[in-house]
Amino acid sequence: MTPAVVTPGVVTTDLATPHLLTTAAENTTSLIQSVDWLAIAPPVVVAAMALIVLVTDLFLPEHRKPLLGALTIGGLVAALALLVPLRAGDRSTFCLNEAATGSGAAGACSYTADHFALVIQALVLGGALLTALLSFGDTRRLPAGEFWFLLLSSASGAALLPAARDLATLVVALEVASLPAFALVGIKRGDRRSSEAALKFFLSSVVATAVMLLGVSFVYATTGTLHLTEIASRLDDVPGQLDTLAKAGVVLTLVGFAFKTAAAPFHFWVPDTYIGAPLPIAAYLSVVGKAVGFSGLILVTVIAFPAYADVWGPALAVLAALTMTVGNVAALRQNAGRARSAVRLLAWSSVGQAGYLLVPIAAAAYSSDEHIGSTVAYALMYAVVNLGAFAVAALVARTSPGNRLTDYRGLYATRPLAALAMAFFLLCLAGLPPGIIGLFAKVTVFSAAVDAGLGWLAVVMAVNVVIALYYYLRWTATLFRAPEGAPAEAVREETPAEGAAPAPTRHAVPASLTAAIALTAVAGVVLSGAPQTVLRFAAVNLF
């Protein structure tokens with residue numbers, strides 16, 4: 001009789017033959033998933049802090065609520081610090097076999113902390129941190145506990161998504177990032193505009209998610225797996241009768257991510273959502289929401305669907321051209337005197353920028369995936385300067401709640417440092433000196449289109465860059481014009497002449513808001529001084 005054999009996690013007795021013993025051991029090995037706790041630490045820490053904030057809120061008196069904001073900022077800083085020990089980018093976890101362990105060996109894993117994931121996680125967590133700084137002094141009119149809990153919950157899903165390597169984890173992470181965002185948009189109680197924006201955002205997102213899930217089900221029916229690398233290998237040899245089903249699955253999956261990236265014609269939710277949401281949440285959606293959509297789009301196209309590059313490549317190229325054109329033309333038509341026209345222009349600008357971000361992904365269908373680094377580099381630049389622009393907009397909104405473009409007239413006379421920072425951010429978005437980082441990012445995207453043989457797309461991008469120059473420069477010039485009713489020579493006078501209108505009242509600015517503007521401005525200046533560092537840092541290889 002064969003003696004009893006004990007394997008990890010399974011007890012077997014009296015196995016009759018060596019063959020059965022071997023089979024049992026193999027099955028045990030395949031059922032045990034490795035868990036690398038350090039690899040998953042960044043999103044786990046953010047999620048844990050969300051629960052801590054939710055529970056702490058139950059016991060805090062009203063005057064101690066600012067402590068919740070401090071906890072949120074501390075949790076996001078801790079999550080960012082946990083990216084440092086992962087900088088080698090060689091860890092994987094939740095693997096199906098022992099060949100793929102925390103050492104990063106080959107295997108079908110659901111979570112991979114590679115260089116791409118770490119860069120996007122740094123972008124997402126940094127964006128959430130700056131959003132928290134923007135919100136820290138301005139949650140007095142909002143339910144603080146719910147606000148910080150929802151922000152951390154959304155950030156945890158956003159941090160999980162770039163490391164996801166199977167479609168189930170990808171969809172779950174996407175929804176964890178999106179569902180709290182719906183509530184954040186509508187968190188201003190009693191505000192009709194906020195409630196309407198949240199409803200539009202929710203309904204359109206639910207439809208997009210349903211379409212994406214239908215596509216995922218088609219892909220699973222074709223390949224029999226959800227792991228991205230396994231899908232790629234099985235799509236290389238799809239039976240003829242399943243080819244149409246596979247193509248439909250690819251297209252429908254891309255539609256869901258096109259909505260998240262605000263690509264035209266799936267962009268219609270953006271202006272109303274940004275206007276109705278609290279300003280820090282609009283900033284969060286413009287950067288973190290966009291990073292989530294683009295990282296998911298990169299993962300499914302470059303890793304899972306390379307066999308159907310002839311399907312998604314041309315589609316993304318057309319979407320890129322349409323998106324940048326719609327966004328820039330709509331931004332060009334904004335009425336400077338209309339209420340919230342500044343936020344509306346930033347919303348349409350974000351749609352135009354999404355078109356530029358799509359270009360390198362489309363180029364990856366025609367050449368190697370090295371062009372993905374251009375999208376990541378552009379996203380890093382965009383995140384820094386767009387968050388800075390929203391930070392200055394939040395500053396102006398404290399004295400001019402209407403947040404019209406005309407409210408920025410003469411900002412240099414009252415807040416010269418904020419005006420200089422805003423001018424720098426706008427020039428970066430336009431791609432003009434001294435915003436070298438913006439110019440550098442646009443050149444890398446333009447080069448990706450040319451190298452991939454997409455000359456027509458490069459021409460469309462060049463035309464759109466010229467269109468965008470007009471409204472960015474018009475806003476920049478407004479900052480330095482004389483205030484309404486004041487002579488130009490009196491703009492810089494500290495004491496108004498006798499009989500002149502009194503100077504505008506200067507309200508106290510929260511230190512956290514000042515810190516957000518300063519951090520983004522310093523980061524933009526440093527990156528403009530060494531733009532090649534961005535591309536080197538953003539260089540990714542997904543294979």
Side-chain angles (χ1 to χ4, degrees), residues 261-264 267 270-271 286-287 290 294 316-334 342 344-364 366 371-390 405 422-479 524 527-528 531-532 534-535 538:
T261 58
H267 66 288
V270 173
S286 73
V287 171
K290 198 170 260 69
F294 275 101
L316 290 182
V318 172
L319 280 180
L322 182 62
T323 302
M324 66 178 74
T325 303
V326 169
N328 286 316
V329 170
L332 189 66
R333 299 181 58 193
Q334 293 307 303
R344 190 179 292 273
L345 190 147
L346 286 174
W348 284 114
S349 167
S350 74
V351 174
Q353 300 287 344
Y356 304 145
L357 286 163
L358 283 169
V359 172
I361 306 177
Y366 299 89
H371 295 305
I372 297 303
S374 300
T375 289
V376 177
Y378 198 100
L380 289 171
M381 178 281 300
Y382 171 76
V384 170
V385 299
N386 207 60
L387 282 170
F390 269 102
L405 287 170
M422 187 64 167
F424 176 71
F425 297 141
L426 292 174
L427 291 175
C428 284
L429 289 171
L432 290 176
I436 302 299
I437 184 60
L439 175 62
F440 178 78
K442 282 185 169 56
V443 168
T444 58
V445 170
F446 188 86
S447 299
V450 173
D451 293 343
L454 296 173
W456 68 270
L457 185 56
V459 171
V460 172
M461 179 181 173
V463 172
N464 275 277
V465 169
V466 173
I467 294 174
L469 286 178
Y470 177 76
Y471 61 80
Y472 285 132
L473 291 178
R474 182 178 60 180
W475 194 352
T476 304
T478 301
L479 301 171
L527 294 178
S528 291
Q532 68 280 1
V534 180
L535 193 59

Separation between CG of Leu345 and CZ of Arg333, rounded to the nearest 0.5 Å: 13.0 Å

Please enumerate all residues that pass side-chain hydrogen bond (donor to acceptor under 3.5 Å, both in side chains) together with Tyr382, with sequence neighbours excluded. Asn386

What one should report as the nearest heavy-atom pair of Pro433 and Leu427 is O-CD1, 4.0 Å

Heavy-atom side-chain contact between Thr323 and Tyr356 under 4.5 Å: no

Looking only at heavy atoms, what is the nearest atom pair of Leu429 and Gln353, with distance? O-NE2, 3.5 Å

For residues Ala263 and Leu358, report the shortest heavy-atom separation together with the two atoms involved. CB-CD1, 3.9 Å

Determine whether the side chains of Tyr471 and Asn328 contain a donor N or O and an acceptor N or O closer than 3.5 Å. yes

Within the structure provided, determine whether Leu426 and Phe424 are in side-chain contact (heavy-atom separation under 4.5 Å). no

Shortest non-hydrogen contact between Pro271 and Trp348, atoms and distance: CG-CZ2, 3.4 Å

Flag, side chain of Lys290 to backbone of Val351, donor-acceptor distance under 3.5 Å: no

Nearest heavy-atom approach of Ala317 to Leu457 is O-CD1, 3.7 Å

Any side-chain heavy atom of Phe294 sitting closer than 4.5 Å to one from Ile361? yes

Indicate yes or no for a side-chain donor-acceptor contact from Ser528 to the backbone of Gly435 under 3.5 Å, with no hydrogens or angles considered. no

Do you know which two heavy atoms are closest between Arg344 and Gln334, and how far apart they sit? CD-OE1, 2.7 Å

Kindly compute the distance separating CE (Met422) from CZ (Phe390), expressed to the nearest 0.5 Å. 9.0 Å

